[in-house]
Amino acid sequence: MMRPDLDAVFTLLANPRRRLLLSHFLESDYGNVETLSRHIAAREQDAHPRAVSEDDRTEVAVSLVHDHLPRLADHGVVDYDARSGDVVTAAGFDEVQPFVEQAYAATHTRTTPEQSLLSFLYSKPPEEPYLLEDG
């Protein structure tokens, strides 16, 4: 397998919307603009896909059609049929997949404040108490 051009990979992953789009293809080799745009808008709003307004979905779809999908297709990461709106992974996706997986893992393994608080509350106390010096 040929090593991907890191500058190109980092450029492709630099945009949050493109990272969301590419993360879809970690679980599926197929998507279409309407479904992808609804799911991306939902992830951006931290909402259920059914809760996304048509205006929000359309705004995402326009950015996919006019920027993100052609850019990914130019790099051979996806094949995009503008007439049908179908999107499938291309051979180049295999080269960027490890980077997409790392980006996905980095954004989805954050601890919530509640988890941090619980781990603090139930952590072992220090061996020696902290001594405060007067002075």
Side-chain angles (χ1 to χ4, degrees):
M1 177 189 305
M2 185 178 174
R3 278 196 101 168
D5 174 28
L6 287 179
D7 289 337
V9 171
F10 292 145
T11 298
L12 292 175
L13 293 177
N15 182 279
R17 191 166 280 173
R18 254 192 316 275
R19 287 193 303 272
L20 288 172
L21 174 62
L22 289 170
S23 69
H24 166 82
F25 293 109
L26 294 174
E27 297 181 13
S28 176
D29 292 335
Y30 169 80
N32 66 48
V33 171
E34 183 172 338
T35 304
L36 290 168
S37 60
R38 184 167 303 285
H39 285 282
I40 290 170
R43 295 282 303 275
E44 288 176 344
Q45 298 173 13
D46 197 23
H48 191 278
R50 291 185 202 147
V52 172
S53 74
E54 191 58 28
D55 287 345
D56 290 338
R57 189 206 63 79
T58 299
E59 187 272 323
V60 172
V62 167
S63 75
L64 294 180
V65 168
H66 292 287
D67 180 16
H68 305 301
L69 290 171
R71 186 182 307 246
L72 292 168
D74 288 346
H75 282 87
V77 176
V78 299
D79 287 325
Y80 165 57
D81 183 341
R83 291 179 310 200
S84 68
D86 292 335
V87 184
V88 295
T89 57
F93 184 76
D94 292 340
E95 296 173 1
V96 300
Q97 183 174 352
F99 300 99
V100 175
E101 289 169 348
Q102 286 181 331
Y104 182 84
T107 58
H108 290 85
T109 56
R110 291 179 271 155
T111 59
T112 62
E114 295 83 20
Q115 289 172 326
S116 298
L117 179 60
L118 287 175
S119 66
F120 171 75
L121 291 174
Y122 293 103
S123 65
K124 182 178 172 187
E127 293 296 324
E128 279 188 39
Y130 294 104
L131 299 175
L132 298 175
E133 294 181 23
D134 290 334

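Hydrogens, waters and symmetry mates are skipped; everything else that's a heavy atom, side chains included, is used.
One finds the CG atom of Asp29 at 11.5 Å from the CG atom of Asp79 (value rounded to the nearest 0.5 Å). Between the CZ atom in Phe93 and the CG atom in Leu22 there is a gap of 6.0 Å [rounded to 0.5 Å]. To the nearest 0.5 Å, the span separating OG on Ser23 from NE2 on His39 amounts to 11.5 Å. Thr89 OG1 to Leu26 CG: the interatomic distance, rounded to the nearest 0.5 Å, is 10.5 Å. Rounding to the nearest 0.5 Å gives a distance of 8.0 Å between OG1 of Thr11 and CZ of Arg71. Taking OG1 from Thr35 and CZ from Arg57, the interatomic distance works out to 9.0 Å, rounded to the nearest 0.5 Å.
Here the side chains of Leu6 and Phe99 are in contact, with some heavy-atom distance below 4.5 Å. Two residues are said to be in side-chain contact when any heavy atoms from C-beta on lie closer than 4.5 Å; Glu54 and Arg38 meet this criterion. A heavy-atom distance below 4.5 Å is found between the side chains of Leu64 and Ile40. At a threshold of 4.5 Å between non-hydrogen side-chain atoms, the residues Tyr80 and Val33 count as touching.
Panel note: side chain His48, backbone Arg50; a donor-acceptor pair is recorded below 3.5 Å. Under a 3.5 Å cut-off, the side chain of Ser37 and the backbone N or O of Glu34 do form a donor-acceptor pair. A side-chain donor-acceptor contact under 3.5 Å links His24 to the backbone of Tyr30. Between the side chain of Arg43 and the main chain of Leu21, no donor-acceptor pair closer than 3.5 Å is present.
In summary, the side chains of Arg19 and Thr107 do not present any donor paired with an acceptor at a separation below 3.5 Å, with no hydrogens or angles considered.
Between Gly76 and Ala90, the shortest heavy-atom distance links the atoms O-CB, 3.2 Å. Nearest heavy atom pair, residue Pro70 against residue Asp67, reads CD-O, 3.4 Å.
Residues Leu12 and Val88 are members of separate hydrophobic clusters, defined by side-chain heavy-atom contacts under 4.5 angstrom among Ile, Leu, Val, Met, Phe, Trp and Tyr. Clustering ILVMFWY residues whenever any of their side-chain heavy atoms sit less than 4.5 angstrom apart, transitively, puts Val60 in a cluster other than the one holding Val52.
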